[in-house]
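Along the sequence shown, residues carry numbers from 1.
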Amino acid sequence: MSAADPAEEQQSGLDQSAGQPDSEGAEAAAEEATEPAEETNEPQDVWSARRDLWHHSPGIMLGSSAAIGGSLVAGDQHGVSGGQVVGDVIMGSKTEIHYVGTGGPAYASGDLPQDVLERLTSPFAGCESFDDTLELLRNERVVVLTGAPFTGRRTAALNLLRQVGASPVRILDPDTSPAALTLELGNSQGYLLGDLITDLHQPLRESHLRAVQAKLAERGGYLVITAGPHTVFEDTVRTTAWEPPAPDTVLRAHLGTMVTETESAPLLGLAATRDFLAREHQLREVVSFAWALAAHARGEKSAEDLERFSLATVERQVQEWFDDGTVSLHDKAFLIALAAFDEGPYALTAELSDLLYGFLQHIEAGGGLRAKIPVFGTSIAKRLQLARARLYPENEHTEWGPVRQTKSAFLDNRTPMSLLIEVWTGHPSSRPALIRWLKRLAEDGRPLVRNRAAATAAVLAAADLPSAMALLIEPWAAARRYRLCLAAANALTLGHLLDTPNIPRILHNWCTKENGRIRWTAIRAYALLGPEIPEEALTALSVAARDMARDEADEEAAKELVASTAVLLLSGAGSVVLRQLAGFLRDEQAVRDLAVRAFLAACEQTEDDLQGTRPGLLTWQARAAATSGSEDDRHLITLWRAALGDRTHTATALERLRDWVHQADTDPESEAALAGLFSSLAVTGPDHQRLSHLLRTVSGEHGGPPPPVAARLLAAFTPSPVTTRS
């Protein structure tokens, strides 16, 4: 029997589970069917896992100064740019947004009085797009104005009709059939058909517009049709793309009708105004902000209200998407996936949104529906327009190096967190689907997918820690599969960086009071989060070392303990960790062994962040030695002497030094650092003998004689023989 294709296996699992009753037994069976074989269940090494988390987590979470990206090479890197964002989203006071001054009911049918028309169009801000469309309307009498919702299309349409003198204006029902348009044209001179509703069976055709044009010409009338992303046209229909005026222009125009020019200038100069205009806001939001500024000028709104206004519009938009029955379940699944994979490859986002769509269908159908996912017919442009998102090319980190990808991202980088929190806390019926989806992502073979699952879980934990822990993170941490354990560790790490409370307490308890996979998860999390809390991390790791020495603990947990401590040593908190490890040498044997093993493990790691080959600890050694009597230099020498002097570790320590000699053979800076180290170590007779023997016996390339650097290093710490006169 041939091995099943992974994609077929994934879809098969979805189909089977989607067609079964929604019971715990069926769910467990479906998930168990996709588990990898035990022999492939190996944990990813901590160094590459940390690198993947740094490369593939959302930028707004980490920022350029995130702790997990810190290293001995990069310097001390603490703090996170995303914490304030999610803090505002979760805990900020709610600001009510009322969209005003946008023309009243969008689909009101009937004549629009002249005074109302003038009131709606008086603060209109013109632009080149408007001028071009006005000329076309004068010549053709009918125009189809296309564009995204809430970009001022309706106000522009009314202004177009006003400019050509078409009064009164009659508002037509958007349900009007394209074939019946001519029947709706009466004695009015102006007509507005807003957001025409069509479908594949009844598209707007050129013949419809020709008939309308002829009838309008007979009566001297004009018609403007506005169309959104879901309006269906015949290919030959001539449309005009609406490019709205700049937000600051619209803000000035509307504010100018509410306050005096003297009052307007300081309002436009406020920091809250500058911050608002720096974001990608819809024109309806700009108009509402103008009203908020005017209310502030009257003393009706505080400065804090203005500062919260921008974020409140994001939250309002997210609520609209999920409360709106006209937004399909397929589109809502895409919005959730885009929030999880913001700034990720578009094709990947679309692929995984379909997986979520199947799980959501399963809930809506009560467990009895086979997943039905549309294969074709989904417009990228329309999807992104709905999501207020963009496409852009950028390199993506892969195991094969940078690869150019077409990525997608929300225009406002606060949207992903706000959206995920809204779905998790505001629509709990979606939770079973989200839980299954995130678990599937956490098990994916692609690092980007796995890490985005963890990042999403971190956002949910920041919003609702008890539920996220119970439904996602704790089950992952205790899972048999290491990929899920790693996802839990990553989620806790990112959750702490998002200011989620109690994460250090959770890790301490797991590391010191649990065993098995949960302890492994905590140890891995300390490797990632430890630079933020180095002393707490090392205290917990030392307790775990004592417990594992007594209890004959799991071999993988023991290896992880050493690797995680080594990562901490080469992190931005390296000096703190180095001091602690030197102190561990005075502790009991298990803790002493942890310090020495972690130190020697760190000696193998090169400066990958600079794409170099020099060991990071060797660079640190040189820098520390350059500062005479520095604390780091003393602690490094202490750890080397402990490693060389302990029979358990002597061979490994000499092997690490042998590797460094080979490095120094082609690197003068490494040679200088190593010469200083050997001189500091070769103080006692035994150490001098070990190092001398090492340099005399180290093999060269392909097993040849010792490299030339060995003799130079030996001469650096071995005194020349004294010549006496006869």
Side-chain angles (χ1 to χ4, degrees), residues 95-106 108 112-131 133-134 145 147-163 169 171 192 194-195 224 226 242-317 320 388 411-412:
T95 298
E96 293 295 328
I97 303 294
H98 301 284
Y99 295 124
V100 291
T102 55
L112 194 67
Q114 182 65 25
D115 62 330
V116 176
L117 177 64
E118 291 178 359
R119 176 174 60 82
L120 294 177
T121 57
S122 60
F124 182 76
C127 58
E128 184 178 350
S129 174
F130 179 84
D131 296 339
T133 307
L134 179 61
L145 200 60
F150 311 118
T151 54
R153 291 170 302 147
R154 186 169 186 264
T155 304
L158 291 172
N159 226 306
L160 287 169
L161 294 171
R162 183 187 178 193
Q163 291 293 325
V169 171
I171 308 298
L192 170 62
D195 286 340
V224 179
T226 65
W242 168 241
E243 297 293 338
D248 61 332
T249 303
V250 175
L251 182 62
R252 290 175 185 277
H254 281 267
L255 189 60
T257 66
M258 305 174 200
V259 299
T260 65
E261 186 174 346
T262 303
E263 293 174 311
S264 177
L267 291 173
L268 292 171
L270 290 173
T273 303
R274 294 195 301 271
D275 292 343
F276 180 88
L277 291 174
R279 299 281 184 175
E280 296 282 350
H281 283 289
Q282 296 172 335
L283 291 192
R284 63 169 178 165
E285 297 163 353
V286 175
V287 173
S288 291
F289 187 66
W291 282 78
L293 285 174
H296 177 65
R298 296 191 299 268
E300 298 170 5
K301 281 190 179 294
S302 67
E304 291 75 17
D305 290 333
L306 294 181
E307 292 168 358
R308 288 193 295 264
F309 194 94
S310 178
L311 180 60
T313 64
V314 174
E315 294 170 341
R316 171 70 179 268
Q317 174 65 87
E320 285 183 357
R388 296 172 67 175
L411 296 176
D412 193 315

Item to complete: Evaluate the side-chain proximity of F150 to L283: yes if any heavy-atom separation is below 4.5 Å, no if none is.
Response: no
Discussion item. Once side-chain hydrogen bond (donor to acceptor under 3.5 Å, both in side chains) is applied, do any residues pair with S310, and if so which ones, sequence neighbours excluded?
Written reply: H281, R414
Worksheet item: Hey, does the side chain of T249 reach the backbone of P245 with a donor-acceptor pair shorter than 3.5 angstrom?
Response: no
Discussion item. I'd like to check the side-chain hydrogen bond (donor to acceptor under 3.5 Å, both in side chains) partners of T260; sequence neighbours left out, ordered by chain and number.
Written reply: E263
Discussion item. Taking side chain to side chain contact (heavy atoms under 4.5 Å, CB included) as the definition, give me every residue that meets it alongside D248, ordered by chain and number, with sequence neighbours left out.
Written reply: A246, L277
Discussion item. What I want to check is whether the side chains of E285 and Q317 have a donor and an acceptor closer together than 3.5 Å.
Written reply: no
Practice prompt. In sequence, state the C-alpha distance, the side-chain angles, and the governing distance for R252 and L268, and then conclude on side chain to side chain contact (heavy atoms under 4.5 Å, CB included).
Written response: CA-CA 8 Å; R252 290 175 185 277; L268 292 171; 3.2 Å; yes
Discussion item. Looking at H296 and K301, would you say the former's side chain and the latter's main chain have a donor-acceptor pair under 3.5 Å?
Written reply: yes
Fill in: Residues which pass side-chain hydrogen bond (donor to acceptor under 3.5 Å, both in side chains) with E243, listed by chain and number, not counting sequence neighbours
none
Worksheet item: What residues, two or more places apart in sequence or in another chain, satisfy side chain to side chain contact (heavy atoms under 4.5 Å, CB included) together with T151?
Response: A148, R153, W242, P244
Worksheet entry | Any donor-acceptor pair under 3.5 Å from D275 side chain to A272 backbone | no
Worksheet entry | Set of residues satisfying salt bridge (Lys or Arg N to Asp or Glu O under 4.0 Å) with respect to E300, sequence neighbours excluded | R298
Discussion item. Contact between F289 and T273 at the side-chain level, heavy atoms closer than 4.5 Å - yes or no?
Written reply: yes
Practice prompt. For A157 and V224, work out which heavy atoms get closest and say how close.
Written response: CB-CG1, 3.5 Å
Practice prompt. Mind listing the closest non-hydrogen atom pair of F130 and A156 along with its distance?
Written response: CE1-O, 3.6 Å
Worksheet entry | Lys/Arg-Asp/Glu bridge criterion (N-O < 4.0 Å) met for E320, R316 | yes
